[in-house]
Amino acid sequence: MQDLTALTAVQLVEGYRKGEFSPVEATRAALERAERIQPEVNAFVRLTGEEALAQARASADRWRRGEPCGAVDGVPVTVKDILLMRGVPTLKGSKTIPESGTWDEDAPSVARLREQGAVFLGKTTTPEFGWKGVTDSPLSGVTRNPYDPTRTAGGSSGGAATAVALGAGPLALGTDGGGSVRIPAAFCGIFALKPTYGRVPLYPASAFGTLAHVGPMTRDAADAALLLDVIGVPDSRDWSALGPAAGPYTATLAGGVRGLRVAYSPSLGGQVAVQPAVAAAVRRAVERLAGLGAYVTEADPDFTDPVDAFHTLWFSGAARVTQHLGPHQREVLDPGLREIRGLGARMSALDYLAAVDVRMELGRRMGRFHDSYDLLVTPALPITAFEAGTEVPKGSGHHRWTGWTPFTYPFNMTQQPAASVPVGTDGDGLPVGLQIVAARHRDDLVLRAAHEAEAAGIRPPLAAHAG
C-alpha cells in the first residue's frame, strides 16, 4: 500500500483530485506517524488529532462533491507554537504563559490555511519565545534531529523541520528572525524559505520587530511555492504587510536558471570557517547550477559580519518580550534567554538606532550587489548538526548561537528572501544545506533556482525512510 506520509502536498492534492486516496487517509497516516516519532524526537507541543480528523472528513466531502475550497484542501499542516491557532494555547515554549484563555484568534498565515481547507495536525516545538538557533525549552524539553536523535534539530523552528522530515505532515509554518526556518531545514534535510519581509503577514507583531518573518517549511520548493501562494496575501492586522504578489509562485518554478547571474560565496570572503564536507556538497550543487546554464562567478558580498548590530536588535527584542515578567517569572526562563534579556535591558535607544544604521548600510550594500547578481549562494550553515541540548557545539569557542550561523542572520537584517535547499550529506549521513538569496521581492528567483537545484542535485534520503 502507498505510504501517504512520503508524499508532498502537491502529490496529495493530485491524489485527492483523482480519487486515489482521501484526506482522511492522509491525515490518519500523518497523525500515526506523529504519534510514533514523538517519544524519540519531541517535535510536537500538542497534537490535535480529533479536530484534524473532523477537518479531514469535511475536506473529503468537498472533494467527493468536486468542490475543494482551496489549493491545500485536505493537506496536513503543522504550526509552530509561536503563531496563534484558534482553539489551541500558544505557549511559545515558556512556563510564563498560562494555558488559560480564550485562544480564539488565528495568526494571518493560519487563517489563510484554514480558509483553504488545510488540516491542522498540531503545534510544533520552539525554544522559549524563539530566541535561539536550537530547539529546547523549559516547557517542552529537547527536540532532536530526525537523522540522529543524539543531535540537534536546529531552531528555532526545530519541531516543524523534524515533523516534515519524518513525514508528520508535508507542510509546516515556521518563523525566522535570524535563521530560524533555514537553520533547522539545513540540519534536518528539508526545504525552507524565509520570504521577503512582509510577504507573509505576521500578527501579533513580533517583539523582535522587522527581523521576524513567517515562512514555509516543506519537502521541496514546489510545496513551498504552493504554501506561499496561500499564506502570502495581505492581512489588515499587519500594517507592514506587502500587497498581493504579481502572480502565483507555483507558476514561476519552471523558469529555470539559464542566464541567471549567480554569485557563489563559499565563506563570505574568508570570514567563515566551513567544514570540508559542507563546502564540498555546496560546491557540487553550485557546479550543477552552472551546468544548467547559470552564469556562476565566485564573488563575495561587500560586508563584514554584522553580528554586534544584530545582537543589539535581538537582545533588545528579548528584553521587550520578557519586560512584563516579574522577578519570580524571570527565574523560570531559559538561562540563556535570561542572560540576553538582561543585556538588552541595559541598551539605550541610541544603541538601538546605531544598530539600525548598520542594518541600513548592509541593506544598501546588498541592494548594490544585486545590481550585478541575480542570486547569491552560500552554505546555509558552516557545520552539520551537533549534539542535542546545547546552544553551541562543544569546544567551538562560541558563546551564543550566532557564532555558528553567520550565513543566516545578515539576511534578516536586509529583509531579503533566502532559502535553505538540501544538497547532500556529510560523512556521518547528516544533511547539508545550500542557501540561495535574492534581492528583496524576488522570492520567485529563489524558488526557481531551488527547484532546479533539487531536480539536478543529490538530496539526502527522507529521514522517515532512512533505515
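Residue numbers run from 1 in the order of the sequence given. Given the structure is predicted, the values throughout are model-derived calculations rather than measurements.
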Between [X] and [Y], what is the shortest heavy-atom contact and its length?
| X | Y | result |
| --- | --- | --- |
| Ala29 | Thr5 | O-CG2, 3.5 Å |
| Gly174 | Val181 | C-CG1, 3.7 Å |
| Pro417 | Val446 | O-CG2, 3.9 Å |
| Ser59 | Asp73 | OG-OD1, 2.7 Å |
| Pro431 | Cys188 | CG-C, 3.9 Å |

Pair Lys80, Asp176 - check salt bridge (Lys or Arg N to Asp or Glu O under 4.0 Å), show working. CA-CA 11 Å; Lys80 183 180 179 181; Asp176 189 316; over 6 Å; no

Kindly compute the distance separating [atom1] ([X]) from [atom2] ([Y]), expressed to the nearest 0.5 Å.
| X | Y | atom1 | atom2 | answer |
| --- | --- | --- | --- | --- |
| Trp103 | Arg86 | CH2 | CZ | 15.0 Å |
| Ile183 | Lys194 | CD1 | NZ | 12.0 Å |
| Thr126 | Asp136 | OG1 | CG | 10.0 Å |
| Asp334 | Phe129 | CG | CZ | 11.0 Å |
| Met217 | Asp223 | CE | CG | 13.5 Å |
| Leu242 | Tyr197 | CG | OH | 9.0 Å |

More than 12 foreign heavy atoms under 6.0 Å from [atom1] of [X]: is that the case here?
| X | atom1 | value |
| --- | --- | --- |
| Arg258 | CZ | no |
| Arg320 | CZ | no |
| Tyr295 | OH | no |

Would a distance-only check, ignoring hydrogens and angles, find a side-chain to backbone donor-acceptor pair under 3.5 Å from [X] to [Y]?
| X | Y | result |
| --- | --- | --- |
| Arg151 | Ala385 | yes |
| Gln116 | Val230 | no |
| Thr135 | Gly154 | yes |
| Arg33 | Leu166 | yes |
| Glu391 | Trp401 | yes |
| Asp235 | Ala241 | no |
| Arg261 | Asp371 | yes |
| Glu454 | Ala221 | yes |
| Thr152 | Phe386 | no |
| Thr78 | Ala160 | no |

Would you call the rings of Phe187 and Trp404 parallel, tilted or perpendicular, taking 30° and 60° as the class edges?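 It falls in the parallel class, under 30°.
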
Given side chains that start at C-beta, do those of Thr27 and Leu121 come closer than 4.5 Å, heavy atoms only? yes

Is the shortest side-chain heavy-atom distance between Ile383 and Val278 below 4.5 Å?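 Ile383 does not reach Val278 side chain to side chain.
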
With side chain to side chain contact (heavy atoms under 4.5 Å, CB included) as the test, would you mind laying out the steps for Leu113 and Ile231 before giving the verdict? CA-CA 7 Å; Leu113 282 164; Ile231 65 177; 4.0 Å; yes

Residue pair Ser137 / Glu128, side-chain donor-acceptor N/O under 3.5 Å: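 Distance-only check fails for Ser137 and Glu128.
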
Gln2/Leu7 under side chain to side chain contact (heavy atoms under 4.5 Å, CB included): CA gap, chis, key distance, verdict: CA-CA 9 Å; Gln2 189 173 27; Leu7 300 184; 3.7 Å; yes

The test is side chain to side chain contact (heavy atoms under 4.5 Å, CB included); show your working for Val88 and Thr48 and say whether it passes. CA-CA 9 Å; Val88 180; Thr48 53; 3.9 Å; yes

Residues which pass ring-ring contact (aromatic ring centres under 6.0 Å, His included) with Tyr373, listed by chain and number, not counting sequence neighbours: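 Listed in chain order: Phe369.
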
Salt bridge check, Arg17 against Glu14: does any charged N sit closer than 4.0 Å to a carboxylate O?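 Answer for the salt bridge query: yes.
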
Step by step, would you call Arg112 with Glu115 a salt bridge (Lys or Arg N to Asp or Glu O under 4.0 Å)? CA-CA 5 Å; Arg112 301 295 85 76; Glu115 289 164 1; 2.8 Å; yes

For Lys123, give me all partners under salt bridge (Lys or Arg N to Asp or Glu O under 4.0 Å), at least two apart in sequence or on another chain.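 Listed in chain order: Asp81.
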
Can Arg114 and Asp106 be said to form a salt bridge (Lys or Arg N to Asp or Glu O under 4.0 Å), step by step? CA-CA 9 Å; Arg114 197 182 297 278; Asp106 284 329; 2.6 Å; yes

Could you check Thr90 against Lys92 for side chain to side chain contact (heavy atoms under 4.5 Å, CB included), going step by step and ending with a plain yes or no? CA-CA 6 Å; Thr90 298; Lys92 303 183 180 182; 4.0 Å; yes

Given Trp314 and Tyr409, is the ring pair (Phe, Tyr, Trp, His ring centres under 6.0 Å) satisfied, shown in steps? CA-CA 10 Å; Trp314 195 251; Tyr409 55 78; 9.7 Å; no

How far apart are the C-alpha atoms of Thr125 and Thr143, what are their side-chain angles, what is the distance that settles it, and do they pass the side-chain hydrogen bond (donor to acceptor under 3.5 Å, both in side chains) test? CA-CA 7 Å; Thr125 54; Thr143 296; 2.7 Å; yes

